[in-house]
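These values consider heavy atoms only, across backbone and side chains, with no hydrogens, waters or symmetry-generated copies.
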Amino acid sequence: MTWSTADIPDLSGKLALVTGATSGLGYETALELLRHGADVLVAARNPEKAAQAAETLTQKAGRAPIVLELDLADLASVEKAAGEVSTSYERLDLLINNAGVMAPPYRETVDGFELQIGTNHLGHFALTGRLMPLLVQGSRVVTVSSFMHKTVRGISEADLRRPAGSYRKWESYGKSKLANLLFTLELDRRARAAGADLLSVGAHPGYASTHLQAAGPELAGNRRQAQLWAVATRLVAQSAAAGAWPSLYAATYPDLRPGSFVGPGFFEYRGTPKVVLPTRTAQDAELAKELWDWSVEATGVDPTLTVLR
């Protein structure tokens with residue numbers, strides 16, 4: 001199969017929200033959605049970076065995005081941002097849960113969760129739940145995972161508040177990406193069981209050249225390691241634009257089946273997107289239900305309540 005951004009259909013009249021859209025995959029995703037006619041909410045934590053990204057997106061796409069302030073590591077910020085969207089719009093056609101952090105030194109979110117699971121999973125879980133009333137009329141939720149979900153064999157409730165003494169940054173990253181897939185597939189199960197017209201799908205970029213790889217060493221104050229990551233990524237990885245293809249395919253391909261997982265075609269490393277297989281752990285329905293329940297308790301948000309409306 002061959003696919004490129006030229007195959008994205010006309011999205012005029014559609015409203016999309018992309019998290020982490022100031023750079024990397026999120027920026028490239030927002031750019032193509034704008035180019036194909038969608039109205040795009042650019043959700044980002046840093047207002048200055050969001051304004052700069054909006055300016056360059058406008059120049060490249062010829063259409064201006066809408067800036068939405070959102071800090072996924074702060075559940076109050078998630079509630080505020082979702083409230084603003086719900087007040088301003090009657091529906092949301094595309095929600096791209098893209099933002100994330102990768103392998104930083106130990107940090108906690110505002111609400112006391114380990115930073116990676118708190119940002120990558122719980123923040124998006126709460127955002128999706130609070131936006132659910134806008135998402136049940138033929139909309140799509142695309143949650144971005146990683147092939148790093150294959151490096152871990154499970155997740156427990158204790159991982160949500162993993163203490164510093166037992167923190168292993170790459171294991172925690174893998175678990176956060178496993179959580180993204182467990183959530184994707186459980187949302188699909190619940191939507192279909194409820195008869196809701198909602199498509200929940202996952203995507204992963206393979207190895208794409210973004211700032212994400214160097215961000216962790218930078219937070220740790222390890223400039224040399226950050227520089228090495230940046231050089232290696234530029235030499236080996238595909239571009240951020242190509243890395244965004246699986247997300248764009250998942251968001252726009254007309255005949256995509258519910259619960260699909262999309263990644264690059266060449267050994268899930270780079271290239272044209274295609275439907276790929278999650279691990280057996282990611283497909284574990286019982287584990288997904290448990291994670292859902294833990295996430296409801298942790299965030300105070302239950303997407304099921306609105307899916308069933």
Side-chain angles (χ1 to χ4, degrees), residues 3-22 25-44 50-51 53-70 78 80-99 124 127-144 184 187-188 191-192 194-203 241 244-260 262 273 275 303 306-307 309:
W3 184 93
S4 75
T5 54
D7 295 305
I8 296 174
D10 179 27
L11 301 175
S12 298
K14 303 290 187 182
L15 179 67
L17 190 161
V18 184
T19 67
T22 58
L25 305 177
Y27 175 90
E28 298 295 341
T29 300
L31 177 60
E32 290 301 331
L33 294 177
L34 282 167
R35 282 175 170 167
H36 287 83
D39 295 316
V40 180
L41 291 160
V42 172
E55 183 177 349
T56 58
L57 285 168
T58 302
Q59 293 171 353
K60 291 185 176 182
R63 302 177 59 253
I66 305 129
V67 173
L68 177 70
E69 187 172 346
L70 168 67
V78 172
K80 182 175 182 291
E84 291 175 2
V85 176
S86 298
T87 299
S88 301
Y89 304 98
E90 295 183 354
R91 61 175 292 141
L92 182 62
D93 299 282
L94 295 171
L95 173 59
I96 315 293
N97 290 325
N98 164 82
H124 283 124
L127 179 67
T128 305
R130 291 195 180 278
L131 292 174
M132 194 62 71
L134 307 182
L135 288 167
V136 293
Q137 302 171 21
S139 302
R140 291 194 190 193
V141 177
V142 179
T143 302
V144 179
T184 295
L187 178 60
D188 168 62
R192 286 189 287 116
D197 187 13
L198 171 69
L199 190 68
S200 174
V201 293
W245 280 19
S247 296
L248 289 163
Y249 183 96
T252 65
Y253 189 72
D255 300 322
L256 197 63
R257 296 181 62 182
S260 293
V262 182
V275 174
T306 45
V307 167
R309 288 178 60 183

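The shortest distance between side-chain heavy atoms of Glu28 and Glu32 does not fall below 4.5 Å. In this structure, the side chains of Ile8 and Trp3 come closer than 4.5 Å at one or more pairs of heavy atoms. Contact check for Leu70 versus Val78: side-chain heavy atoms found under the 4.5 Å cut-off. Side-chain contact check for Leu11 versus Thr252: some heavy-atom pair is nearer than 4.5 Å. Put simply, the side chain of Leu199 reaches to within 4.5 Å of the side chain of Val201, judged on heavy atoms. Residues Asp39 and Arg63 are in side-chain contact: their nearest non-hydrogen atoms beyond the backbone lie under 4.5 Å apart. In this structure the side chain of Val275 never reaches within 4.5 angstrom of the side chain of Tyr253, judged on heavy atoms. Between Leu95 and Met132, every side-chain heavy-atom pair lies at or beyond the 4.5 Å cut-off.
Listed here is the closest heavy atom pair of Ala250 and Ala203: CB-CB, 4.3 Å. Residue Thr19 comes nearest to Ala99 through the heavy atom pair OG1-N, 2.8 Å, listed as atom of the first residue, atom of the second, then distance. Contact record, Thr58 with Ala64: OG1-CA, 3.3 Å, taken as the closest heavy-atom pair. Across all non-hydrogen atoms, the minimal contact from Ala251 to Ile96 is CB-CD1, 3.8 Å. The two residues Pro303 and Gly129 make their nearest non-hydrogen contact at CG-CA, 3.6 Å. Asn98 and Gly20 make their closest contact through ND2-O, 3.3 Å (heavy atoms, listed as atom of the first residue, atom of the second, distance).
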Might you work through the side-chain contact (heavy atoms from CB on, under 4.5 Å) test for Leu34 and Leu57, ending with a clear yes or no?
CA-CA 8 Å; Leu34 282 167; Leu57 285 168; 4.0 Å; yes
Report the C-alpha distance between Val42 and Ile66 in whole Å, list the side-chain angles of each, state the deciding distance to 0.1 Å, and finish with yes or no for side-chain contact (heavy atoms from CB on, under 4.5 Å).
CA-CA 6 Å; Val42 172; Ile66 305 129; over 6 Å; no
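Taking Glu84 as the reference, Lys80 meet the salt bridge (Lys or Arg N to Asp or Glu O under 4.0 Å) condition, with sequence neighbours excluded. In terms of the side chain to side chain contact (heavy atoms under 4.5 Å, CB included) criterion, residue partners of Lys60 (sequence neighbours excluded) are, by chain and number, Tyr27, Leu31, Arg35.
Taking CG of Asp93 as the start and CG of Leu134 as the end, the distance is 10.0 Å to the nearest 0.5 Å. Taking OG1 of Thr29 as the reference point, atom CG of Leu94 lies at 11.0 Å (rounded to 0.5 Å). One distance of note links CG of Leu127 with CG of Leu17; it measures 6.5 Å at 0.5 Å rounding. Note that NE2 of His124 and CG of Leu131 are 11.0 Å apart. Values are rounded to the nearest 0.5 Å. Within the model, atoms CG of Asp188 and OG of Ser200 stand 5.5 Å from one another, a figure rounded to the nearest 0.5 Å. Taking CG of Leu25 as the start and CG of Leu248 as the end, the distance is 9.5 Å to the nearest 0.5 Å.
A donor-acceptor pair under 3.5 Å links the side-chain atoms of Ser86 to the main chain of Ala82, judged by distance alone. In this structure a side-chain-to-backbone donor-acceptor pair under 3.5 Å is missing from Ser88 to Val85. A donor-acceptor contact shorter than 3.5 Å is absent between the side chain of Arg140 and the backbone of Leu198. In terms of modelled atom types and a separation under 3.5 Å, the side chain of His36 and the main chain of Thr5 share a donor-acceptor contact. No donor-acceptor distance shorter than 3.5 angstrom exists from the side chain of Thr143 to the backbone of Gly202, with no hydrogens or angles considered.
When only modelled atom types and interatomic distance are considered, Asn97 and Thr128 share a side-chain donor-acceptor pair under 3.5 Å.
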